[in-house]
Amino acid sequence: MVSFSIVTINWNNLDGLRDTYQSLSRQTCRNFRWIVIDGASTDGSVEWLQALDDAQAEITIEPDKGIYDAMDKGRAKAVETPGYTLFLNSGDCLADAEVLEKITAQVQRANIRPKFIYGDFYQKTASGRLIRTSARPIERAPIGLPASHQTMYFENERLRQFRFRLDYKLSADYCLLIEFLQGLDVKTAVMQLPFPLCIFDTTGVSHKRRFDAIREDMQIRRRFLNFSLMNAFALYVLHYVHTHTKQLRSSLSR
């Protein structure tokens, strides 16, 4: 038996929250908890959650200190039970109705139950177009996230040992991944799946915040991966140029 804890954080995103819920309600596999952490929204989200009649929903409504504080509240609840935890924020959706069922089948067929599972994903553009993106090999994690965090399933027993570090405002998810993977034999402990696992909306990330995030990534590599200052900065420059070029191409194509 494979079980899941799905953590959804929300703040004033009622439409996105409904989309996430509909995605979960369509899942053919029902062996999951839906852990919702709402930061005391004022857009109707609270009222919608309070009226929700769903035994799988575990709802907390209270102010928080930001995205990763809310995600860590969800993490603490998620790891109370065995299985895997996924962080699927409001507005994010599973790729299709059989995602959890397909993951379950892959885990049950594995000789060694993985500690970490991830895979491909769809990026949703402002026009609503879905762009399939392939996950990168886990060995490239020191260079950057191998996939969107909405595809990442953390084994709960191990996840109890870690938390989101709130001193990173934009890259605490990357930091959690780096710490989680350290000491694991990635050849046996990590399962990469070749099919899309989620759809996430990319339109909410501002240019400035992306550049701030890659600066935090550099700090994380120095702190947890023992990168030299020269190597960490060189990788920062490459990410900076790549991000700037990507955003420039996007603006020119509009």
Side-chain angles (χ1 to χ4, degrees), residues 2-11 13 16-17 19-21 23-24 27 29 32-39 45 49 56-60 64-95 99-100 103 114-124 133 135 138 141 144-166 168-181 190-193 196-202 204-205 209 213 216-217 220:
V2 180
S3 58
F4 303 93
S5 297
I6 299 175
V7 176
T8 296
I9 66 166
N10 179 69
W11 189 69
N13 186 16
L17 184 63
D19 288 344
T20 302
Y21 176 69
S23 166
L24 296 178
Q27 289 300 301
C29 169
F32 66 87
R33 306 160 61 203
W34 188 38
I35 300 169
V36 183
I37 309 295
D38 183 275
S45 294
L49 287 168
Q56 289 177 275
E58 303 173 25
I59 300 167
T60 298
D64 56 57
K65 299 175 184 176
I67 292 173
Y68 292 118
D69 181 42
M71 290 175 72
D72 202 60
K73 290 179 181 180
R75 180 203 60 82
K77 291 180 178 295
V79 298
E80 292 173 355
T81 55
Y84 294 91
T85 291
L86 169 69
F87 298 95
L88 192 72
N89 299 345
S90 60
D92 300 330
C93 299
L94 297 182
V99 166
L100 297 183
I103 293 174
K115 296 289 185 182
F116 180 75
I117 304 165
Y118 75 113
D120 297 351
F121 56 98
Y122 292 112
Q123 297 184 60
K124 186 177 181 180
T133 305
I138 197 64
L145 282 174
S148 71
H149 80 245
Q150 295 91 339
T151 76
M152 297 181 182
Y153 293 74
F154 297 84
E155 192 270 328
N156 285 353
E157 182 179 357
R158 183 169 177 82
L159 187 58
R160 293 189 192 107
Q161 304 173 40
F162 306 99
R163 59 170 299 173
F164 288 98
R165 294 184 179 269
L166 303 187
Y168 298 114
K169 304 301 182 184
L170 299 169
S171 295
D173 53 349
Y174 179 53
C175 186
L176 178 71
L177 174 65
I178 292 299
E179 290 192 86
F180 187 92
L181 292 176
V190 175
M191 175 181 285
Q192 181 178 353
L193 300 176
L197 300 180
C198 79
I199 301 168
F200 79 100
D201 188 345
T202 62
V205 181
R209 289 175 66 84
E216 286 191 357
D217 292 348
I220 290 165

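The basis for the numbers below is simple: all heavy atoms, side chains too, and nothing from hydrogens, waters or symmetry mates.
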Any chance you could measure Trp11, atom CH2, to Ser45, atom OG, to the nearest 0.5 Å? 10.5 Å
Side-chain contact, heavy-atom cut-off 4.5 Å: Tyr118 with Val190? yes
Row check, Phe164 ring normal vs Arg75 NZ/CZ: under 6.0 Å, within 45°: no
Under 3.5 Å, side chain of Thr85 to main-chain N/O of Glu155, donor-acceptor pair present? no
Quick check on side-chain contact (heavy atoms from CB on, under 4.5 Å): which of Val2, Leu197, Leu94 does Ile103 satisfy it with? Leu197
Should we count CD of Glu157 as having more than 12 external heavy atoms under 6.0 Å? no
Do Leu177 and Pro146 touch side chain to side chain, with heavy atoms closer than 4.5 Å? yes
Main-chain N/O of Cys29 paired to Gln27 side chain as donor or acceptor, under 3.5 Å: no
Is a donor from one side chain sitting under 3.5 angstrom from an acceptor on the other, for Asp173 and Tyr168? no
Report yes if some heavy atom in the side chain of Tyr122 is under 4.5 Å from a heavy atom in the side chain of Thr133; otherwise report no. no
Interatomic spacing from CD1 in Ile35 to CD1 in Ile6 - rounded to 0.5 Å: 9.0 Å
Please confirm whether the backbone N or O of Gly16 pairs with a side-chain atom of Thr20, one donor and one acceptor, at under 3.5 Å? yes
Take Ser171 and Ile220 through the side chain to side chain contact (heavy atoms under 4.5 Å, CB included) test and state the conclusion after the steps. CA-CA 8 Å; Ser171 295; Ile220 290 165; 3.8 Å; yes
Looking at Phe121 and Gln123, what are the two nearest heavy atoms and their distance? CE1-CG, 3.7 Å
Please check if the side chain of Gln192 supplies one atom and the backbone of Ala135 the other of a donor-acceptor pair under 3.5 Å. yes
Shortest non-hydrogen contact from Ser90 toward Asn10: OG-OD1, 3.1 Å
Quick check for you: to the nearest 0.5 Å, what is the distance between Phe87 atom CZ and Ser5 atom OG? 9.5 Å
Check whether any side-chain heavy atom of Ile117 sits under 4.5 Å from a side-chain heavy atom of Leu193, and report yes or no. yes
How are the rings of Phe4 and Tyr84 set relative to one another: parallel (under 30°), tilted (30 to 60°) or perpendicular (over 60°)? tilted
Would one find more than 12 heavy atoms of other residues, nucleotides or ligands at under 6.0 Å from atom CD1 of Ile67? no
Spacing of His149 atom NE2 and Met71 atom CE [to the nearest 0.5 Å]: 4.0 Å
Between the main-chain N or O of Ile199 and the side-chain N or O of Gln150, is there a donor-acceptor pair closer than 3.5 Å? no
Looking at Asn156 and Thr81, would you say the former's side chain and the latter's main chain have a donor-acceptor pair under 3.5 Å? yes
Quick check: closest heavy atoms across Pro196 and Ala95, and the distance to 0.1 Å? O-CB, 3.4 Å
Hey, does Tyr68 have a side-chain heavy atom less than 4.5 Å from the side chain of Asp72? no
Pairwise side-chain contact, Asp120 with Thr151, heavy-atom cut-off 4.5 Å (strictly under): no
Separation between CG (Asn89) and SG (Cys198), nearest 0.5 Å, reads 10.5 Å
Go through the steps for Arg165 and Glu179 under the test side chain to side chain contact (heavy atoms under 4.5 Å, CB included), then give the verdict. CA-CA 11 Å; Arg165 294 184 179 269; Glu179 290 192 86; 2.7 Å; yes
Give a yes or no on whether the backbone of Val7 and the side-chain of Arg33 come within a donor-acceptor separation of less than 3.5 Å. no
Quick check for you: to the nearest 0.5 Å, what is the distance between Asp217 atom CG and Leu145 atom CG? 7.0 Å
Leu176 side chain reached by Phe162 side chain, heavy atoms, under 4.5 Å: yes
Assess whether side chain to side chain contact (heavy atoms under 4.5 Å, CB included) is satisfied between Phe180 and Phe116, documenting all intermediate values. CA-CA 9 Å; Phe180 187 92; Phe116 180 75; 3.9 Å; yes
Count the heavy atoms belonging to other residues, nucleotides or ligands that lie under 6.0 Å from CH2 of Trp34, then report whether that count exceeds 12. yes
Correct closest heavy-atom pair for Tyr174 and Ala141 would be OH-O, 2.8 Å
Applying side chain to side chain contact (heavy atoms under 4.5 Å, CB included) to Leu49 and Asp38, what does each step give before you reach the verdict? CA-CA 9 Å; Leu49 287 168; Asp38 183 275; 3.9 Å; yes
Would you say the side-chain atoms of Asp69 pair up with the backbone N or O of Gly66, donor to acceptor, closer than 3.5 Å? no
Under 3.5 Å, is there a donor-acceptor pair between the side chain of Asp64 and the main chain of Ala70? no
Verify, without hydrogens or angle tests, whether Thr8 (side chain) and Leu88 (backbone) share a donor-acceptor contact under 3.5 angstrom. yes
